[in-house]
Amino acid sequence: MPELPEADAARRRIADHCLHRTIEGFTIGEVSHVDLPPTDQLDRFIGTQLTRTHRHGKYIFAGSVDGPWMHIHLGMAGSLRVWDDGGDVPDYARLTVNFEGGRRLTFRDPRKFGHVQMVADVDQFVADKGLGPDAMQIGDNAFANVIGGTRGAVKSALLDQGKLAGIGNLWADESLYRTGIMPDAKASDLPAEQIAALHTTVQDVMGTVMDKNADYSQLPRDWLIHNRTDGADCTRCDGTITKMTVGGRTSYHCPAHQT
DNA sequence: TGATATGTTTTACT
DNA sequence: CAGTAAAACATATC
């Protein structure tokens with residue numbers, strides 16, 4: 001379920017298990033309709049090593065100081081798996097990086113909405129994509145300006161990757177639930193204190209998910225993520241979880257304590 | 001069987 | 001320009 005925290009957990013798997021190993025080659029899985037680098041671009045990585053990783057919003061980068069970078073976007077259902085030769089090949093494998101010593105890094109993507117591409121310059125890529133500041137890095141003033149300056153629904157603003165990058169549907173709902181703001185509240189009508197509280201909560205929610213390595217079973221039981229069902233009992237008041245559509249996205253909230 | 005889905009992009013309209 | 005809405009992408013799951 002890839003939003004910023006899930007992307008960061010994936011990035012960490014590369015950082016912890018795949019750096020400083022010479023790339024021997026690539027194995028391409030089912031390629032139809034999957035956006036992968038052309039073979040000649042992949043070939044440029046052969047013989048090099050990944051030495052560092054980076055993440056901006058939901059975009060993962062892996063590369064080296066003087067070599068090419070690859071960027072990975074997990075789309076709706078993508079994930080990264082690290083394994084060793086001799087183990088089971090992950091299902092839905094689209095692209096596997098083969099390192100020396102048998103280490104394998106597989107991009108798997110059941111729904112094929114993700115992509116992997118080679119990028120020359122990370123900062124340039126982020127600029128070209130028009131991404132806003134990373135949601136974990138954005139400061140108080142910038143957050144207040146970008147959210148408070150939006151005339152539309154606050155949730156739509158949170159999800160706008162051009163305003164700030166990394167928040168997706170699940171953690172937008174979670175953050176609004178915990179801050180007590182209705183998803184369809186007009187952002188520019190929110191008092192400054194509430195926007196400040198939302199900023200704190202967004203970073204707290206996603207920081208917690210990262211701390212738990214995006215393992216949802218380790219998240220507190222009173223989080224909305226465990227109760228995203230129409231009609232469920234609210235864990236924060238005596239209200240009832242209700243489903244609505246905001247900005248074309250399914251939104252779960254509690255109308256009793258979110259206003 | 002049909003509805004729904006965690007993301008992004010494009011197009012069209014207000 | 002800011003915002004809304006819908007569709008498309010390809011497939012798995014409930």
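In what follows, chains are A, B, ... by sequence order, proteins preceding strands, each numbered from 1. Scope of the values below: all heavy atoms of this structure, side chains included, with no hydrogens, waters or symmetry mates.
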| With a 4.5 Å limit on heavy-atom distance, are the side chains of Val97(A) and Phe26(A) in contact? | yes
For Val126(A), the other hydrophobic cluster members (4.5 Å side-chain criterion, sorted by chain and number) are Tyr59(A), Phe61(A), Trp69(A), Val119(A), Val122(A), Phe125(A), Leu131(A)
ask   = Is the side chain of Lys58(A) donor-acceptor paired with the backbone N or O of Ala165(A) at a distance under 3.5 Å, no angle test?
value = no
Ring centres under 6.0 Å, that's the criterion: do Tyr177(A) and His257(A) meet it? yes
Looking only at dT6(B), dT8(B), dT4(B), the nucleotide nearest the Lys58(A) side chain is dT8(B)
- Message: With a 3.5 Å distance limit and no angle check, can you tell me whether Gln117(A) reaches the backbone of His115(A) through a side-chain donor-acceptor pair?
- Response: no
* Asked: Between the side chain of Gln124(A) and the main-chain N/O of Asp121(A), is any donor-acceptor distance below 3.5 Å?
  -> no
Here the distance between atom P of dT4(B) and atom CE of Met76(A), to the nearest Å, is 14 Å
Practice prompt. Kindly say whether Ile138(A) contributes a backbone atom to a donor-acceptor pair with the side chain of His199(A) at under 3.5 angstrom?
Written response: yes
On a heavy-atom basis, the closest approach of Ile167(A) and Ala135(A) is CG1-CB, 3.9 Å
Which is true for Gly168(A) with a 4.0 Å heavy-atom rule: it touches a base, it touches only sugar-phosphate, or it touches nothing? sugar-phosphate
From CG of Asn169(A) across to P of dT6(B) the rounded distance in Å is 5 Å
So, the side chain of Arg104(A) versus the backbone of Gly87(A): is there a donor-acceptor pair under 3.5 Å, distance only?
-> no
Side chains of Cys18(A) and Arg13(A) in contact at under 4.5 Å (non-hydrogen atoms):
no
Within residues 109-116 of chain A, those residues having any heavy atom closer than 4.0 Å to DNA chain C are Pro110(A), Arg111(A), Lys112(A), Phe113(A)
Using a heavy-atom cut-off of 4.0 Å across all strands, would you classify Ser32(A) as base, sugar-phosphate, or nothing? nothing
Leu131(A) atom CG is separated from dT9(B) atom C1', nearest whole Å, by 13 Å
| Do Ile23(A) and Asn98(A) have side chains that get closer than 4.5 Å, going by heavy atoms? | no
Chain A vs DNA chain C, heavy-atom contacts under 4.0 Å, first-to-last nucleotide span, 5' to 3', is dA2(C) to dA12(C)
dC9(C) and dT1(B): how far apart are their C1' atoms, nearest whole angstrom? 22 Å
Between CZ of Phe125(A) and C1' of dT8(B) the distance, given in whole Å, is 12 Å
Taking every heavy atom of Leu74(A) against every heavy atom of Ala7(A), the minimum-distance pair comes out as CD1-CA, 4.2 Å
Q: Answer yes or no: is there an ion pair linking Arg94(A) with Asp109(A), defined by an N-O contact shorter than 4.0 Å?
A: no
note: Asp128(A), atom CG; dT9(B), atom P; distance rounded to Å ~ 12 Å
Under the 6.0 Å and 45° cation-pi test, does Arg103(A) pair with Phe99(A)?
no
Contact check, residues 217-225 of chain A vs DNA chain C, heavy-atom distance under 4.0 Å, returns none
Rounded to whole Å, the NE2-P distance (His73(A) to dT8(B)) equals 4 Å
Base-paired stretches in DNA chain B with three or more consecutive Watson-Crick or G-U pairs, both distances under 3.5 Å, amount to B:2-5 with C:11-14, B:7-14 with C:2-9
Met206(A) CE to dT6(B) P, in whole Å, measures 16 Å
Sorted by number, residues from residues 153-165 of chain A placing a heavy atom under 4.0 Å from DNA chain C are Ala153(A), Lys163(A)
Taken to the nearest whole Å, CG/Asp173(A) to P/dA5(B) is 11 Å
Q) Does any N or O in the side chain of Thr259(A) come within less than 3.5 Å of the main-chain N or O of Pro255(A), such that one atom is a donor and the other an acceptor? A) no
**Request:** Compare all side-chain heavy atoms of Thr250(A) with those of Asp173(A) and state whether any distance is below 4.5 angstrom.
**Result:** no
**Q.** Ring centre gap for Tyr252(A) and Trp223(A) strictly below 6.0 Å
**A.** no
